[in-house]
Amino acid sequence: MRTSIATVCLSGSLTEKLRACAAAGFDGVEIFEPDLVAAIQSPEEIRALAERLGLSLDLYQPFRDAEGVTEQVMATNLRRAEAKFRLMNRLGIDLMLVCSNVATASLDSDEVSADQLGRLSDLAATYGIRLAYEALAWGRYVSDYRRAWHIVRRADRANLGVCLDSFHILSRGHDPAAIENIPADKIFFLQLADAPSLSMDVLSWSRHHRLFPGEGSWDLGAFVGHVAAAGYTGPLSLEVFNDTFRQTDPIRTAAHARRSLAWVADQAARWLERADGDRTGGPTSLPRLTDAASPTGVDFVEIKAENTGALEELLGRLDFGFRGRHRTKPVTLWSAGEARVILNEQRARDQVPHLAAVGFVVPEAKAALARAGELGANPVHRRTYAGEVELSAVRAPDGTEIFLDEPSATERGWMAEFEHGEPGSECLITGVDHVNLVQPWQDFDEAVLFYTSVLGLTAAPSTEVAGPRGLVRSQVMRTCDGSVRLPLNVAPAILDHAVLPQHIAFSCTDVAALAERARSQGLPFLPVPGNYYEDLAARYDLSSDSIERLRGLNLLYDRDGSGEFVHFYTGTIGEVFLEFVQRRGGYDGYGAGNAPVRLAAQGG
Ligand SMILES: O=C(O)c1ccc(O)c(O)c1
Ligand SMILES: [Mg+2]
C-alpha cells in the first residue's frame, strides 16, 4: 500500500510540510497549489527536496471550474490549464486533480462537460499529464461521484479518470457501494477524510471540520473496502482541511495522520475479509495490524506529585487501605475492592498531584504492545531494577502513560513489590468506574484515534456541557461492555487545560453509606449549591426525604429510562479530584446533567 497526504493537512511552509511527511513515513504527497505558490523555493527546488526526502509528488491540486462552461470561458480555461501543465512538468508531477465546477458552470449537461474535459485531457496528454475529475459535494451541477464517473466514461480518454474523495461522497449520504462499478484503471486517485456528524452547510463542514480516518463518525474502513474491491491499488491519500491541524506542530500531525492510515487499512482489510452479500471475503493485500483484544478493565491509576500526603489522607477517609510502600522507590499503593491507586513521588519535584498513568488489564500484553508499536505509539521508558516486574507502556497524546498489563489469574506481579501494607478488607468500593482525561484542545482528535486504534475503544456520541467559562466537549471512549470507560473532556480553547482537573471515578455498592462514613472522617467534599437540590425536586418525582438525604451528603442524582445514578465528588487536590458513583439498574451515563454544577463549583 502506498501512502500519501495532501500538504493542505499540515501547518507551516511547504518545505516544513514535506519534511514532516517524510519523517512520518509517508510515501508521497499531494501538492496543494496555494502551498506551492506561497513557497520561496522554485518548482525545481521543491522537486529536488522531495526526491532527497524520498517522497513522490503524487498529485497537483486543485484545478477549479474547468467544465460546464461557455466556449468563451473554455478558451481561457485551456490557457489557464496549459500554464499548470508546464509547471507540473517542472515539478515532475503527472496527475492533476480537476474539481467539478462550483463558480462558472452555466451548462448543466453531461455532453458538454464530457466534451470539455475531453479537450482538456487531450491538451494534458501533450504534456504527459493525466487528469483526475472529482465531484465536489457543493459542485454547481456535478456533486455526485456517480455523475462524475458517467462524464469521465463519456469523454473516453485514456488520461482521464476520477478522483474519489470520501468526504464528498459520505457528506452527501451517497452510497459508496457503486464505487465497485468503476473500473480500477479509471480510479486515478483516492482521498480520505473522516468528519464528525454536524448539521451545517457542506462547504464549511469540508473546509474546517474534516478529520483523519478513525476520528469522526463515518465508516472509512468500509469505504476503503469498496475502493479496494473495485481493484484500486493506487495510494491511500489523506486530504483533511481542519483548523486545528493547520495550527499545530506539523511533525506531530503528520505522525498522527500516518497512524490513521495504518488503522484504516487494517479496518478495510477486515471488512474485505468478512464475507457479506455478494462478496466472498478472503485475504487482501492491504496491510493488517496485529490483532489485540481490547482491555477488560483498569488495573491501576497512578497519581504523581512531589508530596502525596494530601492524597493519602483523602484515600484514607474513603475506604482505601494502605497496601504498602515500594521496595526501591518513593511509591505507595492504596486499594479498595478492585480499585488500585499508586501514589508516586519519584522524580516529581515541583509537581502538583496529577494523573500520570492508567494501567489497563489486557488479555495479551505482547500483542497489544506490538499493535501499539505498529501504530507508531511512543513507548515509555521507566527504570526497573533487577527482580522487578517490567511493565510496558505507551504515551497517549496528552502525555498520560498507558500501561498494558496482563495479570496472572491470581496475583498481579507488580503488587508483590509493595511491602508492609495492611491486608485488604471488606469495603463499599468495587473498582474504577471511569477515568476522565481532560484534553488540551489541540490533542483531542488525536486522542480519539489513539484510543480507537491502539486500545480498540469505541467513541460514544459526543456531548457538550456548560461550564462557567464556555462549553466543555465530552466524548466517552469505552469498551462495548463498559468495563473500560474514558470520558475525554476538552476545555474551551481560551482556557489553559490545566484549569480543568482530571478525575478518577470509583464504583461503589452504597454511595450514600460511603459519603456518610467519609463525612464523619472530615472529607472535603465538592460543595453543591442549594439551588441544585431545588431543581432536582422539580425535575424528578423524589420525596422531600430523599432530596434532603442527597443534600445532607452532597450527593448528585441522575436518572434515565433504564436506571439511576448517584454520585459525589471530592474537592480538587492539585490537578485531580475523585468521584464515587453508584449505578442502579441499567444506567449507563455519567450524570451529564450534573456536570455544569460540578464545573461551576470547581470554577473551571
Ligand atoms: O474545498 C475545496 O475547494 C477542495 C479542493 C480540492 C479537493 O480535493 C477537495 O476535496 C476540496
Ligand atoms: Mg478532495
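Numbering of ligands and ligand atoms starts at 1, following listing order. Not measured: the values here are computed from a predicted model.
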Trainee: Going by side chain to side chain donor-acceptor pair (under 3.5 Å), name the residues that satisfy it together with Glu134, two or more places apart in sequence or in a different chain.
Mentor: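 With sequence neighbours excluded, Glu134 shows a side chain to side chain donor-acceptor pair (under 3.5 Å) to no residue whatsoever.
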Trainee: With distance as the sole criterion, is a donor-acceptor pair present between the side chains of Gln475 and Gln439 under 3.5 Å?
Mentor: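 No, Gln439 and Gln475 have no side-chain donor paired with an acceptor closer than 3.5 Å.
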Trainee: Working note: Asn89 + Arg86, criterion side-chain hydrogen bond (donor to acceptor under 3.5 Å, both in side chains); need CA distance, chi angles, decisive distance, verdict.
Mentor: CA-CA 5 Å; Asn89 281 170; Arg86 279 195 216 100; over 6 Å; no
Trainee: Distance to 0.1 Å, residue and atom name: give those for the protein heavy atom nearest to atom 3 (O) of ligand 1.
Mentor: Arg64 NH1, 2.6 Å
Trainee: So, 2.8 Å as the limit: is an N/O/S atom of Gln191 located closer than that to the Mg ion (ligand 2)?
Mentor: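 Coordinating: yes.
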Trainee: Could you find the nearest protein heavy atom to atom 10 (O) of ligand 1 and give me its residue, atom name and distance?
Mentor: His168 NE2, 2.6 Å
Trainee: At a 4.0 Å threshold, what atoms of ligand 1 neighbour a non-hydrogen atom of Leu136?
Mentor: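 By the 4.0 Å cutoff, the relevant atoms are 9 (C), 11 (C).
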Trainee: Check whether NZ of the Lys or CZ of the Arg Arg80 lies under 6.0 Å from the centre of the six-membered ring of Phe63 and within 45 degrees of that ring's axis.
Mentor: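 Here Arg80 passes the 6.0 Å and 45° test against Phe63.
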Trainee: Restricting to N/O/S, name the atom of Glu134 that gets closest to the Mg ion (ligand 2).
Mentor: OE2
Trainee: Starting from atom 6 (C) of ligand 1, what is the nearest protein heavy atom, named by residue and atom, and what distance separates them?
Mentor: Gln61 OE1, 3.2 Å
Trainee: Check Glu239 and report its N/O/S atom nearest to the Mg ion (ligand 2), by atom name.
Mentor: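 In Glu239, the heteroatom (N, O or S) nearest the Mg ion (ligand 2) is OE1.
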Trainee: Side chains of Ser113 and Arg147: do they bring a donor and an acceptor to under 3.5 Å?
Mentor: no
Trainee: Restricting to N/O/S, name the atom of Asp165 that gets closest to the Mg ion (ligand 2).
Mentor: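 Nearest to the Mg ion (ligand 2) within Asp165's N, O and S set: OD2.
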Trainee: Pull out every atom of ligand 1 sitting under 4.0 Å from any heavy atom of Leu97, numbered as shown with elements.
Mentor: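 Listed by number with element: 8 (O).
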Trainee: Please list the nearest protein heavy atom to atom 4 (C) of ligand 1 with its residue and the distance rounded to 0.1 Å.
Mentor: Phe241 CZ, 3.8 Å
Trainee: Which of the numbered atoms in ligand 1 are under 4.0 angstrom from any heavy atom belonging to Gln191?
Mentor: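 Answer, ordered by atom number: 8 (O).
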Trainee: With no hydrogens and no angle check, just 3.5 Å: does a side-chain donor-acceptor pair link Ser143 and Arg172?
Mentor: yes
Trainee: Any heavy atom of Glu33 closer to ligand 1 than 4.0 angstrom?
Mentor: no
Trainee: Contact between Phe189 and ligand 1, counting heavy atoms under 4.0 Å?
Mentor: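 The answer is no: ligand 1 sits nowhere under 4.0 Å from a heavy atom of Phe189.
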Trainee: Mind checking whether Phe63 contacts ligand 1 via backbone (N, CA, C, O), side chain (CB onward), both or neither, at a 4.0 Å heavy-atom cut-off?
Mentor: neither
Trainee: Which residue in the set Leu120, Leu97, Ile151 passes side-chain contact (heavy atoms from CB on, under 4.5 Å) when paired with Tyr133?
Mentor: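 Exactly one option meets the side-chain contact (heavy atoms from CB on, under 4.5 Å) with Tyr133, and it is Ile151.
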Trainee: How far is atom 7 (C) of ligand 1 from the closest protein heavy atom, and which atom is that?
Mentor: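 Sorting protein heavy atoms by distance from atom 7 (C) of ligand 1 puts Glu239 OE2, 2.9 Å first.
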Trainee: Will you find, in the side chains of Gln442 and Thr248, an N or O donor that is under 3.5 Å from an N or O acceptor?
Mentor: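 Judged by distance alone, the side chains do not pair up.
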Trainee: N/O to N/O below 3.5 Å, does that happen between Arg207 and ligand 1?
Mentor: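 Looking only at distances, the answer is yes, because the N/O contact criterion of under 3.5 Å is met.
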Trainee: Quick one about Thr290 and Glu374 (side-chain donor to acceptor, distance below 3.5 Å, no hydrogens or angles considered), yes or no?
Mentor: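 Their side chains do contain a donor-acceptor pair, which is all the 3.5 Å distance test asks for.
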Trainee: Under 6.0 Å between ring centres, would you say that holds for Phe241 and Phe167?
Mentor: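 No, they do not, as the ring centres are separated by 6.0 Å or more.
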